[in-house]
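Numbers restart at 1 for each chain; the letters A, B, ... are given by sequence-line order, proteins then strands. Since this is a predicted model, take the numbers as computed values, not measurements.
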Amino acid sequence: MSSELLVQALLNGFGLAMVYVLVALGLTLIFSILEIINFAHGEFYMLGGYVTYYVYALSGLNYFATLVLAILTVGVAGVVAERLIFHDLRGKALNAFIVSLGLLWVMQAGAQLAFGVLDKPVPSAFSGVVRVLGLVMSVERLVVTLSAIVLIVALYLFLRLSRPGRAMRAVAQDPDAAALQGVNIDAVSALGFGVGCALAGGAGGLLAPLFAVSPAMGALPVVKAFIIIIVGGMGSLPGAVLGGLLLGGVEGLGALFMGSAAVNILGFLMVIVVLLVRPRGLVGGA
Amino acid sequence: MERRAAAPVAGVGLIALAAATLPLITRDSYYLDVATTILMNLTLTMSFRLQVSTGQINMAHISFMGIGAYASALLVTRVGLSFWATLWLGALVAALLAVPIGSVALRVSGPYYFLITFAFSEVVRLFFNNFFEGLFGGPSGLVGIPKPGRLLGLVFDGKPALYGLMAVLCLIVVVALVRLDYSRFGLTAGAIRQADLVAETLGVNVFRYKLTAFVLGSFVAGLAGVFFAHFRQVLHSSDFGLEPMVLLVVFTVIGGTGSVWGPVIGTIVMTLASELLRELHHYEILVFGAVLILTMLFAPEGLVALSGAARRRLRRLRGRAPAQAGAGLAP
């Protein structure tokens, strides 16, 4: 097997993995702030996909403007969800599990009723391929991957430099201490949930032209996001990026040897191995 | 103390009475089917709650049902054993596999345990679906599983007979699990759930208790799986996937995990609710989801704790008890 083939397989894996990292970052941000796992996260991803379908594919707005709109719309939906149903569930893992499951069903059934059950195709915004050193990548996938990286960097800067971003990290570290320092926990939780959902919405907008938009489209990315955050360590942002790269690499290479259905088992085996060696994930703290 | 001893006997008696009267009221195969499913789900949710009682949300519980089902189906069709032997052998296989899997998974806790067991369940499901197709039937499923054979002159081919068999199995499981919950084991499990560190410092081998609950629970799940295999006569890997597992969690948590009766209430209420909601067609899932959200927001300790919560609320309205009386954990 030539080394070019291996590098090409890795590249294929990494490209999509960066978008799944976006979904995972939202999930892990919400977990670190509210200490709950949001199983309806994939449905916010789906919402981003539908915004893209209606605004970009049907109304013809610019692709990137649509992306921003998808991020904002889904972010607002996230804030509303937090205010209405999640704000009392901080740290109540089992109850939050059931509630987010209920939300998942409500959103999926709602999407079926509102948008129909059929797949909606979204046309590609870019055509052509790029060739570098014998490697091939479509312009579309390149743009999607780069946009995902831009959003990851933007999130990093937001959490490092901005006041609300730093408040989120403070709440994630110690909610009581943060409250004592004058951080408004309620506002930060709502905003954090909104930002987390907005990231999923952005990912949904990015992948809408690659895969068709449908009410059940959130299931696959959310499973990948779970694998990514367990491998990387729950609540850790660098861990999510590392976990995404690992998953992308393993699945990209695995696709050379086995069918696409069987490749899915690799991610779960990776989860088991990582949790055995490092129970808190690769970058997880104490 | 007397009330503690009377409650389990009364509860088990009530379930036995209800199970015994149903076939006298109706022979309609639809109702018997729903009732059989309720009893099967009951064995699953009660054994799931056994593990929740030590604080672990085991998302691979349904996989042990699957392991029992596939094991029994293969032992009957390939080896030629009788159902009455594989009923216990299949459950035993599930329990034996639960020892290594549980030992590995129980090294982590909290959300990590939740997720590692989910990973295990997906590995098991994908294994049944994509590997050894000649043996497990692959994506098209394992077909041609015979119904249970004769036992003591009884024939098990119709719905009423299979319902009766499931009812007997379920009652054995209910009696065993209720006895366990009211025993020293149940008390220790509760202590581990509420404060595992304290239990550990008081000399409880927390890991061994958790593993025992895991293996026992898996044995019961395997038992339900064997029945499932010979009741449905067809097995698909998706029967033991995320969706049915999630329903188990929903039944258990909606009923309430603080009491051994929670899963009983939850399973019966939710199975009946989903059968009734079927009339709503497209809106079924929408309403079901909304019911989940509202129940958890307004009855966070589950339906079984509702009567206690209502009583406290009534007392508060009359001004007899301080407002924080409702803050404690369910017993």
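For A:I37, the part sitting under 4.5 Å from any heavy atom of chain B is the side chain, from C-beta outward, and nothing else. Contact annotation for B:F120: both backbone and side-chain heavy atoms come within less than 4.5 Å of a heavy atom of chain A. With a 4.5 Å cut-off on non-hydrogen atoms, B:L247 touches chain A through its side chain but not through its backbone. For B:V250, the parts sitting under 4.5 Å from any heavy atom of chain A are the backbone and the side chain alike. B:L286 touches chain A through backbone and side chain together, each having a heavy atom under 4.5 Å away. In this structure, chain B has a heavy atom under 4.5 Å from the side chain of A:L113, while its backbone stays farther away.
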Practice problem: Would you check, one step at a time, whether the test ring-ring contact (aromatic ring centres under 6.0 Å, His included) holds for B:F118 with A:F39? | Solution: CA-CA 13 Å; B:F118 170 59; A:F39 283 86; 8.0 Å; no
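Using a 30° and 60° split on the angle between ring planes, B:F288 and A:W105 fall in the tilted class, from 30° to 60°.
Separating the CD1 atom in B:I254 from the CG atom in A:N95 is a distance of 9.0 Å, to the nearest 0.5 Å. Between the CG atom in A:L101 and the CE atom in B:M296 there is a gap of 11.0 Å [rounded to 0.5 Å]. Note that the CZ atom of B:R125 and the CD1 atom of A:I265 stand 9.5 Å from one another [nearest 0.5 Å].
Contact annotation: the side chain of B:M59 approaches that of A:F97 to within less than 4.5 Å [non-hydrogen atoms, C-beta and beyond]. Annotation: side chain of B:L297 is not in contact with side chain of A:D88 (no heavy-atom distance under 4.5 Å).
With respect to chain A, the highest number of heavy-atom pairs below 4.5 Å among B:L292, B:I57, B:N129 belongs to B:L292. Of the residues considered (A:V271, A:I98, A:V106, A:V99), A:I98 shows the highest number of contacts with chain B, using heavy-atom pairs under 4.5 Å.
Near-neighbour residues of residues 240-254 of chain A relative to chain B, defined by a heavy atom under 4.5 Å from a heavy atom of that chain, are none.
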